[in-house]
Amino acid sequence: MPELPDVEGFRRTFARHAANKTVSRVEAVDRTMTRKTSPRSLARALARRRFRDPYRHGKLLICPTGGPALVLHFGMTGSLEWSSGEPRHRHDRLVLVFADGELRYRNMRKFGGIWLARDPKALESITGRLGPDWLEVSPARFRERLGGRRSSIKAALMDQKVAAGLGNLTADEALWQARIDPRRRVSSLDEREEATLYRKIQKVLRDSLPHGLVPAKRSWLTGSRDHRGGSCPRCGTRLERTRIGGRTTVFCPREQS
DNA sequence: GCTCATGTTCCCCT
DNA sequence: CAGGGGAACATGAG
């Protein structure tokens, strides 16, 4: 699931249950998921620390303590679950234990990862490869960062160095709403199309935020993309699928060309 | 058995 | 060097 709206949902979960609270201990850390640290170092560094308000950069969730910060990436199947009694799940890869319950980082496929940033410089080494967060980037900055690319527009939107947070679903959705063919070269878009695309991306993200996921709305591409033989919610044309950047890409061949 | 999956990275070509 | 294709990663679901 995790694209920007999903991670924003996880941020809210963390803020509600873990921020301004002290972790009593850290358990069940899967050692194949820790990056540049080990389960033991992580547990030692976080135990008895008090979390501050978490924030998000693209698909990364950053959880500062005042000392080290916990950084989570959810890959394709990650989530954050609060529990005050239910048994743990087999895919829980990290458990933060608090006095009133547990916050569990769950991740079936184990893409993504868990980092410990001991100082601002270490944090910068984790986030530094990402472009600005999509909810913060201005239209001018977007155009500037997009400029000069020779790739398809969809590949550029998925590239987290341009701006961070879009994924396969949100990229397809915004391109469909903007009526732009995902296969087009970035250089072929005119100013008006770039402006429309920017607005649609912002709209897709902002409309999704309250749900904490990208909703499968009937009026959106998301509502039809999963059915075999699905049709365009606007014009009824049979949707087409192809692969761009290694990912399934769904679009309306009539309106996006 | 087979295909496909909302992410990222790395290798090999062009 | 930029970018595309494909594979890899790990674990399912249908």
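Throughout, a chain's letter reflects where its sequence line sits, starting with A, and its residues are numbered from 1. Small disclaimer: the values here were computed from a predicted structure and weren't measured.
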Sugar-phosphate, base or nothing in reach of A:G112, heavy atoms under 4.0 Å:
nothing
One thing to verify: whether A:E27 and A:R88 come together as a salt bridge, which I'm taking to mean a side-chain N less than 4.0 angstrom from a carboxylate O.
yes
Would you grab the first and last nucleotide of DNA chain B (5' to 3') that comes under 4.0 Å of any non-hydrogen atom in chain A?
B:dA5 to B:dT8
A:R109 side-chain proximity, nearest of C:dA2, C:dG12, C:dA10
C:dA10
Return the nucleotide paired to B:dT9: Watson-Crick means purine N1 to pyrimidine N3 with N6-O4 or O6-N4, wobble means G-U with N1-O2 and O6-N3, both under 3.5 Å.
C:dA7
Looking at the rings of A:F74 and A:Y105, which for Trp means the six-membered one, are their centres under 6.0 Å apart?
yes
From CE of A:M108 over to C1' of C:dG14, roughly how many Å is that when rounded to an integer?
12 Å
Any side-chain N or O of A:R93 below 4.0 angstrom from OP1/OP2 of C:dA10?
no
Would you say the ring centroid of A:F142 lies under 6.0 angstrom from that of A:W134?
yes
Taking CZ from A:R150 and P from C:dG4, how many angstroms apart are they, rounded to a whole number?
9 Å
P atoms of B:dC2 and C:dA7, separation to the nearest Å
15 Å
Would you mind classifying the nucleic acid contact of A:R90 as base, sugar-phosphate or nothing, using non-hydrogen atoms under 4.0 angstrom?
sugar-phosphate
What is the distance from CE of A:M33 to P of C:dC9, rounded to the nearest Å?
15 Å
Whether A:E194 and A:R192 form a salt bridge (side-chain N of Lys/Arg under 4.0 Å from carboxylate O of Asp/Glu) is what I want to check.
no
Please report, rounded to the nearest Å, how far the P atom of C:dC9 is from the CZ atom of A:R35.
13 Å
Starting at atom CG of A:N107, determine the distance to atom C1' of C:dT11, rounded to an integer number of angstrom.
10 Å
Name the nucleic acid region contacted by A:G75, choosing base, sugar-phosphate or nothing; use a 4.0 angstrom heavy-atom cut-off, strictly under.
sugar-phosphate
From CG of A:L146 over to P of C:dG3, roughly how many Å is that when rounded to an integer?
11 Å
Starting from P on C:dA8, measure out to NZ on A:K110 and report it in whole angstrom.
18 Å
What's A:T77 touching, base or sugar-phosphate or nothing? Going by heavy atoms closer than 4.0 Å.
nothing
Both A:R241 and A:G245 contact DNA chain B. Which one's nearest nucleotide lies toward the 5' end?
A:R241
From C:dC9, C:dA2, C:dG4, pick the nucleotide closest to the side chain of A:F111?
C:dC9
Do A:L80 and A:I114 belong to the same hydrophobic cluster, where Ile, Leu, Val, Met, Phe, Trp and Tyr are linked whenever their side-chain heavy atoms lie under 4.5 Å apart, directly or via other members?
yes
Where does the angle between the aromatic ring planes of A:F98 and A:W82 fall among parallel (under 30°), tilted (30 to 60°) and perpendicular (over 60°)?
tilted
Can the positive tip of A:R234 be found less than 6.0 Å from the middle of the six-membered ring of A:W176, inside 45° of the ring normal?
yes
Hey, are A:E173 and A:K200 close enough for a salt bridge, meaning a charged N less than 4.0 Å from a carboxylate O?
no
Result for 5'-nearest mapping on DNA chain C, choosing between A:R185 and A:R247, is A:R185
Measure from CG on A:L157 to P on C:dG3 and round the result to the nearest Å.
14 Å
Gap in Å between the two P atoms, one belonging to C:dG6 and one to B:dT3, rounded
15 Å
Reckon A:H91 has a side-chain N or O less than 4.0 Å from the OP1 or OP2 of C:dG12?
yes
Students often get this wrong, so: under 4.0 angstrom with heavy atoms, is A:T248 touching a base, only sugar-phosphate, or nothing?
sugar-phosphate
